[in-house]
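Below is one structure, written out as structure tokens; the observations come after it.
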There are 2 protein chains.
Amino acid sequence: MKDIASLIQHIEKIIPLDDEARQALAIKVTSKKIRRRQYLLQDGDICRHYNFVLNGCLRMYLVDEKGTEHVLQFAIEGGWIADIGSLHTDQPSHFCIDALEPTEVLRIAKEDLIDLYVKHPAFDRYFRVLTENAFVGMQQRVMQNISSTAETRYLLFLEKYPHLFNRIPLVQIASFIGVTPEFLSKIRRNLMA
Amino acid sequence: MKDIASLIQHIEKIIPLDDEARQALAIKVTSKKIRRRQYLLQDGDICRHYNFVLNGCLRMYLVDEKGTEHVLQFAIEGGWIADIGSLHTDQPSHFCIDALEPTEVLRIAKEDLIDLYVKHPAFDRYFRVLTENAFVGMQQRVMQNISSTAETRYLLFLEKYPHLFNRIPLVQIASFIGVTPEFLSKIRRNLMA
DNA sequence: ACCGTTCCTTAACCTACCTTAAGGTTTTTT
DNA sequence: AAAAAACCTTAAGGTAGGTTAAGGAACGGT
């Protein structure tokens, strides 16, 4: 039983949909439950779906040659997640997506999305705006990485995602801001002093 | 005299335009020449245009509290540049855009772009795809920043932008990959040994 | 209710990268 | 053609952040 209402509500914050578009979307969308630690996308597979999180929490990350994980993105209720690069090029992804909590997503397959774009330009608009916002977020993150100290990056993270602070393990936050968990631990201690 | 042909050609690599759309675009676009070191956007101003580079080279960068510049993006022939965040929110930009070489751009004002979106959904599509590609690029850069050493980042930069290597001053490349020019100088020496 | 992970912290030592300073070369401007 | 910027390099000393190792607390699965 798909709870598509929250997805539609989300889209209509950006652009209204007519009944036909809503209907078309409802037909294309499928739902999926993921357990804690279960993969939604595995390194080496081609990303074939855009995923909208209904509840729970996902992370997308890269595993480097040394086996260290580097978190690129978290997604909670109301967020989208996918390896857009892999999705568009049909190349195997270098990323993994898995669940930090039991999670439920709605997903649209690439071909279905293209179909929606063609039949309902509103979706072009919605995903343009969505991607623009995500792009601006990534820009800010690049700037922070090349211009700020780890402590500042941590504080900026807390400011931007206050609700994630006591929901996500510290080790994941460390990975997201680009430091080791040991060093983040040190940063916290310094902040308390 | 606007050379809009190269812009249209660029767009049509992604989506064909009908005559009306081409015509509408031609009316909205203006051209502008910028001297070396001249600003196209200055820190504190609101970014009101999307800029398409016809020839030359621009950079977008942030100046931090210490006065150090951090390059977020370069744009050469065929590239787009704007502070999308500022453009969308009508908030003053924190970035500067200036010219590393004498440069000529075509530009579209925000309101005109919105008008194009409404009348010709093809532009929604084009800018969606454009932004998706830019987003993927930023994602890769974030990953490199949090997972790679400066030497690796330099090599990846050369691989991705081989044509920029002997066109852009070293100090700008250093700023882009997030190290001091002195350290990049050292990296180069090590690579030659 | 238990056991096994995962999670967080501390501390000693190590390294990638920054800072400051200086001198030489190339490019731009006049 | 000269003067002024901008550019690149070298080197010494400093600091942010990594590595390794180890112990304890909290959690998740059965």
Side-chain angles (χ1 to χ4, degrees), chain A residues 34-38 56-57 59 61 63-71 74 98-103 144-158 164-193, chain B residues 34-38 56-57 59 61 63-71 74 98-103 144-158 164-193:
Chain A
I34 311 128
R35 294 198 179 140
R36 208 178 115 83
R37 305 206 158 264
Q38 187 185 332
C57 181
R59 78 212 243 253
Y61 61 99
V63 182
D64 68 21
E65 330 78 57
K66 292 179 193 154
T68 309
E69 297 176 355
H70 302 277
V71 174
F74 298 114
D98 69 9
L100 295 176
E101 304 171 2
T103 298
Q144 290 173 15
N145 281 325
I146 67 180
S147 74
S148 301
T149 173
E151 179 172 310
T152 307
R153 261 146 45 212
Y154 178 60
L155 292 172
L156 289 167
F157 178 87
L158 293 186
L164 292 186
F165 167 63
N166 42 16
R167 181 167 172 182
I168 292 181
L170 187 69
V171 61
Q172 303 299 335
I173 296 177
S175 171
F176 183 89
I177 66 174
V179 297
T180 58
E182 292 85 353
F183 190 63
L184 182 50
S185 197
K186 196 181 212 169
I187 288 173
R188 280 179 137 188
R189 182 165 24 118
N190 290 344
L191 285 174
M192 292 201 289
Chain B
I34 311 128
R35 294 196 179 144
R36 207 178 116 84
R37 304 205 160 264
Q38 188 185 332
C57 180
R59 77 212 245 254
Y61 60 100
V63 182
D64 68 20
E65 329 78 58
K66 292 179 193 156
T68 309
E69 298 175 353
H70 303 276
V71 174
F74 297 114
D98 69 8
L100 295 176
E101 304 171 2
T103 299
Q144 291 172 16
N145 280 325
I146 66 181
S147 74
S148 302
T149 174
E151 180 171 311
T152 307
R153 261 145 46 213
Y154 178 59
L155 292 172
L156 289 167
F157 178 86
L158 294 185
L164 291 186
F165 167 63
N166 42 16
R167 181 167 171 181
I168 292 181
L170 187 70
V171 62
Q172 302 300 336
I173 296 177
S175 172
F176 183 90
I177 66 174
V179 297
T180 57
E182 293 84 353
F183 191 63
L184 182 50
S185 196
K186 194 180 212 167
I187 287 174
R188 279 179 138 187
R189 182 169 20 123
N190 291 343
L191 285 174
M192 292 202 288

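No hydrogens, no waters, no symmetry mates; every other heavy atom, side chains included, goes into these values. In what follows, chains carry the letters A, B, and so on, assigned in the order in which the sequence lines appear, proteins first and then strands, with residues in each chain numbered from 1.
Contact record, D64(A) with K66(A): OD1-N, 2.9 Å, taken as the closest heavy-atom pair. A pairwise comparison of heavy atoms in A99(A) and R35(A) identifies CB-O, 3.3 Å as the closest pair.
Side-chain proximity of S185(B) to the nucleotides dT28(C), dA16(C), dT9(D) is greatest for dT9(D). The side chain of T149(A) sits closest to dA16(D) out of dC8(C), dG28(D), dA16(D). Closest to the side chain of V171(A), from the set dC7(C), dG17(D), dT9(C), is dC7(C). Among the nucleotides dT10(D), dT29(C), dC8(C), the one closest to any side-chain atom of L170(A) is dC8(C). Candidate nucleotides dC8(D), dC17(C), dA6(D) were compared by shortest atom distance to the side chain of P169(B), and dC8(D) ranks first. When each of dG18(D), dC18(C), dT9(D) is scored by its nearest atom to the side-chain atoms of T180(A), the top-ranked nucleotide is dG18(D).
Across all strands shown, R37(A) has heavy atoms under 4.0 Å from sugar-phosphate atoms exclusively, and none from any base.
Residues satisfying the side-chain contact (heavy atoms from CB on, under 4.5 Å) test with D98(B), not counting sequence neighbours, are Y39(B), R59(B), Y61(B).
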May I have the list of side-chain donor-acceptor pairs in residues 181-188 of chain B shorter than 3.5 Å, sequence neighbours left out?
unit_1, atom_1, unit_2, atom_2, d
R188(B), NE, Y154(B), OH, 3.3

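Looking at heavy atoms from C-beta onward, F74(A) lies in side-chain contact with Q172(A) at the 4.5 angstrom threshold. Counting only heavy atoms from C-beta outward, the side chains of Q38(A) and T103(A) never approach each other to under 4.5 Å.
Position along DNA chain D of the nearest nucleotide to Q172(B) versus E182(B) favours Q172(B) as the more 5'-ward residue.
The shortest distance between the side-chain N/O atoms of R189(B) and the OP1/OP2 oxygens of dT10(D) is below 4.0 Å.
The nearest whole Å value for the distance from the CG atom in N190(B) to the P atom in dC17(C) is 11 Å. Nucleotide dC8(D) holds its P atom 10 Å from the CZ atom of F165(B), rounded to whole Å.
Direction change of the helix axis from one end of the helix from dG4(C)-dC27(D) to dT30(C)-dA1(D) to the other is 70°, with five pairs defining each end axis (rounded to 10°).
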